[in-house]
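Below, read A as the first sequence line, B as the second, and so on, with proteins coming before strands; counting in each chain starts at 1.
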Number of protein chains: 2
Amino acid sequence: MPEGVTPKGARGRILNAALHQFASQGYGGTSVRDICAEAKVQVTTLYSHFPSKEHVLAEVIRLGNEEHFRLLRDALLESDPEPRKQLRNLVRAHVLSHCEFSMLAVVASSEMHSLSEELATPIIAIRSQSQSLLAEVFKRGIRLGLFDVPDIELACRAIGGMGLRVAFWYEPNCGKSPDEVADSYAEFALRIAGVDRSD
Amino acid sequence: MPEGVTPKGARGRILNAALHQFASQGYGGTSVRDICAEAKVQVTTLYSHFPSKEHVLAEVIRLGNEEHFRLLRDALLESDPEPRKQLRNLVRAHVLSHCEFSMLAVVASSEMHSLSEELATPIIAIRSQSQSLLAEVFKRGIRLGLFDVPDIELACRAIGGMGLRVAFWYEPNCGKSPDEVADSYAEFALRIAGVDRSD
DNA sequence: GTCTATAGATAGATAGAC
DNA sequence: GTCTATCTATCTATAGAC
């Protein structure tokens, strides 16, 4: 869990434990008792913080998506407004966040189907915001004649998807640093965008 | 399930039902009773075909990975041996299979963690074979001076990952045909490979 | 907030007749 | 292979004392 995002005390320990368990065993394969054992709290304590196991999952995913969105937004805010630089910085932030918080990404992308519509809706809204950041960069890049893609939606899905998958294979001792992966993927994204290589 | 892959009779109905349930509810969220109800068999019938629920999952994933490998291999066998054409045909087959058999891909990629090491090992072996097909094409393309990538492993992971994610969003009425998606992704892959655009 | 105890439902898997 | 019936374990969630 990102620093400063997890609440202090029992609630934070519960969310961290749930994150670990959901990432390695899945939502359905994790029991409330498993979470409580790792978090070193009683079952009743969990139910004093969350109305149900499903609400624990929803909170984990929501925190993850909000942090992810913040990182993308900050990357854009701090970027030179030139679309190629924006794309590069956005993809770098996307990949770095999936290296560093890979468990969050795994849970957020694998366990959405375990949420009821009521709990899923606000999370889907956050995710849409993140996706539109990339789409807007692409629209500007094309309007300014810097990008060349046949289909913006497919290009965004391809770039988003390849970055998302990083969370499923990256580990600190895999021989590559997050920075190396992020740089390579940013280069791939620029190539997908069809930027002129002679620049 | 691909035609001709699913066994006839009760066993085939069980595997198809399990595929549906695992894809929409996850392995842990699906009960043996759920599978049997959809397959219209008794619980005892399932246990006469499979030693456990986990073995049902393993068989679903194994069939999916074997079919996926076959499709990739056939695409290469039938391809002009020129590396750029090989890459294009391989990525097209990869994407088409993830459009057509998206449930299989979703289950195979989301539920591996539910398998014990014993049941996971043979499946991982098949997956490695599929991955090496792409890696070999890349090695040839670079040796012949046609591709230009900083890191083969990352390029393969990026291309494989963006194609895999297609299974999670593609649906027949999404406004794009599998062929359109496959063509665009093949173009993205060629761009990632750094092929000379002047050809 | 934290404990013991437990309700009530459902899970995976099996026995044994046919 | 198919049925009814059931075992045993575990699940989510709660009651009520402190």
task: On the 0 to 90° scale, with breaks at 30° and 60°, tag the His98(B)-His68(B) ring pair as parallel, tilted or perpendicular.
output: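 Ring orientation of His98(B) relative to His68(B): perpendicular.
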query: Can you get from Leu115(A) to Val60(A) by hopping between Ile, Leu, Val, Met, Phe, Trp and Tyr side chains that sit under 4.5 Å apart?
result: yes
Within one Ile-Leu-Val-Met-Phe-Trp-Tyr cluster: Val107(B) and Phe50(B), side-chain cutoff 4.5 Å: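 They do share one cluster, since a chain of ILVMFWY contacts under 4.5 Å joins Val107(B) to Phe50(B).
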- line: The contact string for nucleotides 7-18 of chain C, one letter per nucleotide 5' to 3', using protein heavy atoms under 4.0 Å with B, S and - for base, sugar-phosphate only and none, comes out as ----BBBBB---
task: Check whether any side-chain heavy atom of Leu87(A) lies under 4.5 Å from a side-chain heavy atom of Leu134(A), and answer yes or no.
output: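 Leu87(A) vs Leu134(A): side chains touch.
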d(CG, Leu46(A); P, dC3(C)) in whole Å: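 Taking atom P of dC3(C) as the reference, CG of Leu46(A) is at 13 Å.
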message: If the cut-off is 4.0 Å, is Gln42(B) near the phosphate of dT2(D), judged by side-chain N/O to OP1 or OP2?
response: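 Gln42(B) to dT2(D) OP1/OP2: no side-chain N or O under 4.0 Å.
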message: Strictly below 4.0 Å: does Thr45(B) bring a side-chain N or O up to OP1 or OP2 of dT2(D)?
response: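 Indeed, a polar side-chain atom of Thr45(B) lies that close.
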message: Within residues 12-20 of chain A, which residues have any heavy atom lying less than 4.0 Å from an atom of DNA chain C?
response: none
- line: Interatomic distance, CG@Leu19(A) vs CG@Leu57(A), rounded to 0.5 Å, equals 10.5 Å
query: How many angstroms lie between atom CG of Leu119(B) and atom OG of Ser52(B), to the nearest 0.5 angstrom?
result: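 One finds 7.0 Å between CG of Leu119(B) and OG of Ser52(B).
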Show me the donor-acceptor pairs within less than 3.5 Å that the side chains of residues 158-176 of chain B make with the rest of the protein, sequence neighbours left out.
| unit_1 | atom_1 | unit_2 | atom_2 | d |
| --- | --- | --- | --- | --- |
| Tyr170(B) | OH | Lys176(B) | O | 3.0 |
| Lys176(B) | NZ | Asp151(A) | OD2 | 2.7 |
| Lys176(B) | NZ | Glu153(A) | OE1 | 3.4 |

message: Do the side chains of Arg191(B) and Glu187(B) get close enough for a salt bridge, i.e. N-O under 4.0 angstrom?
response: yes
